[in-house]
Amino acid sequence: MRIATWNVNSLRSRIARVEAFLERHDVDVLALQETKAREEQVPLMGLQSMGYEVAYAGTNQWNGVAVLSRVGLEDVEVGFPGQPGWGDPAESEARAVGATCGGVRVWSLYVPNGRKVDDPHYVYKLDWLARLREAAQEWRSTPTALVGDWNIAPTDEDVFDPKQFATSTHVTPRERAAFQAFLDDGYVEVVRPHTPGPEVYTYWDYYRQRFERNRGLRIDFVLGSAPFAERVTGAFIDRDERAGQGASDHAPVVVDLD
DNA sequence: ATGGTCGAGTTTCGA
């Protein structure tokens, strides 16, 4: 089974690339972030004709998450299960959707950006991660993948120029600690062992020719529970997908299970 | 310190 995650930066403007990506890599399950569409706007026709079912949560123009699956789509949940009433419902709904696909629980996550360290959104980001962690602790004994745009660069190797990010979000000790907490709980980042080294990124800003100069960030991750991680046979970042006209600013991340 | 580029949807905001 092949599972992928991709921040598409608008599903409607990227639908042709999404369909080509699914076909090119023979993907069974695809988690999407930043779909930037309300549910009724999602371009379903081509996806359904390719055999994919879709679980979707999107309520505003800049967030939105989805799980596409051609190996079954069961027990769809939106937001954090068992934690009703936390935060702003519309925000939460647009940032997490989970489904069981071929026996694996896949959560498509768009972790809040945080904006600036002195912005209320930064606190919201840390709170959101703490809530996710609480929920994720309950899922550790089953094959579970927490996939998506974490908006955290866990190490300095994941940043093209750490000095330039000295006062920015994504690299602060509190964000990195929040990420590490999932690893402490037993989740494994299953992609890095197959894509080692510095200067291996998943996101390049659109401006200043950041992609052409490989000045990016590694912020998209697949965290697997132990029962998930032990099934992983390979992983790669589809860097080529970031090239050319009409690309998202993120590259897809792909994981293979036995 | 600023600006550069996208996407959504109206004009500027979020990333």
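So you know, we letter chains A, B, ... as the sequences are listed, proteins then strands, and number each from 1. Predicted model only: the values in this text are computed from it and were never measured.
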Distances for protein N/O vs nucleotides 13-15 of chain B N/O pairs under 3.5 angstrom?
residue: B/dA15; atom: OP2; partner: A/R115; partner atom: NE; Å: 2.9

With a 4.5 Å cut-off on side-chain heavy atoms, are A/L11 and A/P43 touching?
yes
Decide if the gap between the ring center of A/Y122 and the ring center of A/H170 is smaller than 6.0 angstrom.
no
In this structure, how many angstroms lie between the C1' atom of B/dG4 and the CH2 atom of A/W204, rounded?
19 Å
Touch class at under 4.0 angstrom, heavy-atom based, for A/R210 against every strand present
nothing
Which label fits A/F160 and A/F165: parallel for a plane angle under 30°, tilted from 30 to 60°, or perpendicular past 60°?
perpendicular
Are A/F221 and A/F179 close enough that their ring centers fall under 6.0 Å?
yes
Quantified in whole Å, what is the P atom distance between nucleotide B/dA1 and nucleotide B/dT12?
27 Å
Can you tell me how far P of B/dG4 sits from CZ of A/F160, to the nearest Å?
17 Å
Euclidean distance for C1', B/dT10 against B/dG14 (whole angstrom)
15 Å
Flag side-chain contact, heavy atom, 4.5 Å: A/L22 against A/Y52:
yes
note: A/L32, atom CG; B/dG7, atom C1'; distance rounded to Å ~ 16 Å
